[in-house]
Amino acid sequence: MLERDEHEASGHAVYRTWCEHCVAAKGQGNPHIADGEVCEVPEIGFDYAYMASGDSKCMPMICGRDRKLAHHAATFVPMKGRDAYALSYLVGWIRGLGYKRLVCRSDNERELLALLETLSSSLPEVEFEPKSSPEGDHAANGLAEVGVREIKGQVRTLRSQLEANL
């Protein structure tokens, strides 16, 4: 029972096949395994996400995924675009990663590009190399899409455990 308690106390940080909440929220049939891509410059993918589909009352969430360290960042924001809270959150996350140069991937969504432009100017000590993919082309922004999927899976896992406990 101790291992299960530790796993739940960690917030299901590591996927476990014996955990009903992890399997229900994050289970995959045939996950895609990359061919060990090596990148010289650290690369971070960004995208907006929503926890509910088709709900205009749902707050957007800004998500980031670092390819090199496999770190994730996500927070709900009051609105898309240049938002002070989203900016301070991302500045703190990137400073914590310690990069001096990075590739910044995103789609061509206007609001996201505006936020990333402001992020770049807020971190003069970091050299940003922006790379964007066509809007709606999910495969071209795979790094961010994987991050969004993993973050949403983690939120669903925690919600499943909370509902079971209540």
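All heavy atoms count here, side chains included; hydrogens, waters and symmetry mates do not. We count residues from 1, following the sequence as given. What you are looking at is a predicted structure, and each value in this text was computed from that prediction instead of being measured.
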How about [X] and [Y]: do any of their side-chain heavy atoms sit closer than 4.5 Å?
{"X": "Ile94", "Y": "Tyr89", "answer": "no"}
{"X": "Met61", "Y": "Lys152", "answer": "yes"}
{"X": "Phe76", "Y": "Met51", "answer": "yes"}
{"X": "Glu8", "Y": "Arg4", "answer": "yes"}
{"X": "Met79", "Y": "Glu111", "answer": "no"}
{"X": "Leu162", "Y": "Arg159", "answer": "no"}

Are [Y] and [X] connected in a single hydrophobic cluster, I mean Ile/Leu/Val/Met/Phe/Trp/Tyr linked by side-chain heavy atoms less than 4.5 Å apart?
{"X": "Leu115", "Y": "Ile44", "value": "yes"}
{"X": "Val77", "Y": "Tyr50", "value": "no"}
{"X": "Val41", "Y": "Tyr99", "value": "no"}

If you measure from [atom1] on [X] to [atom2] on [Y], what distance do you get to the nearest 0.5 Å?
{"X": "Glu145", "Y": "Cys63", "atom1": "CD", "atom2": "SG", "value": "9.5 Å"}
{"X": "Glu163", "Y": "Leu166", "atom1": "CD", "atom2": "CG", "value": "8.0 Å"}
{"X": "Leu119", "Y": "Leu90", "atom1": "CG", "atom2": "CG", "value": "5.5 Å"}
{"X": "Asn108", "Y": "Ser132", "atom1": "CG", "atom2": "OG", "value": "3.5 Å"}
{"X": "Ser120", "Y": "Leu102", "atom1": "OG", "atom2": "CG", "value": "9.0 Å"}

Of all residues at least two apart in sequence or in a different chain, which pass the salt bridge (charged side-chain N to carboxylate O under 4.0 Å, His left out) check with Glu117? Arg82

Set of side-chain hydrogen bond (donor to acceptor under 3.5 Å, both in side chains) partners for Glu127, sequence neighbours left out: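 Testing Glu127 for side-chain hydrogen bond (donor to acceptor under 3.5 Å, both in side chains), a comparison that skips the adjacent residues, returns none.
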
Kindly indicate, with the supporting measurements, whether the criterion side-chain contact (heavy atoms from CB on, under 4.5 Å) is fulfilled by Thr157 and Gln161. CA-CA 6 Å; Thr157 302; Gln161 180 187 358; 5.9 Å; no

For [X], enumerate each residue passing the side chain to side chain contact (heavy atoms under 4.5 Å, CB included) test, keeping only those at least two apart in sequence or located in another chain.
{"X": "Leu112", "value": "Phe46, Asp47, Tyr48, Ile62, Ser106, Asp107, Glu109, Leu116"}
{"X": "Lys131", "value": "Val103, Arg105, Glu129"}
{"X": "Arg95", "value": "Val91, Leu123, Glu125"}
{"X": "His71", "value": "Asp66, Leu69, Trp93, Leu97"}

Can you name the nearest heavy-atom pair linking His72 to Gly147, along with the distance?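 So the two residues come closest at CD2-CA, 3.8 Å.
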
With a 3.5 Å distance limit and no angle check, can you tell me whether Ser122 reaches the backbone of Thr118 through a side-chain donor-acceptor pair? yes

Go through the steps to decide whether Glu150 and Arg65 satisfy the test salt bridge (charged side-chain N to carboxylate O under 4.0 Å, His left out), and finish with yes or no. CA-CA 10 Å; Glu150 290 176 0; Arg65 182 169 194 263; 3.6 Å; yes

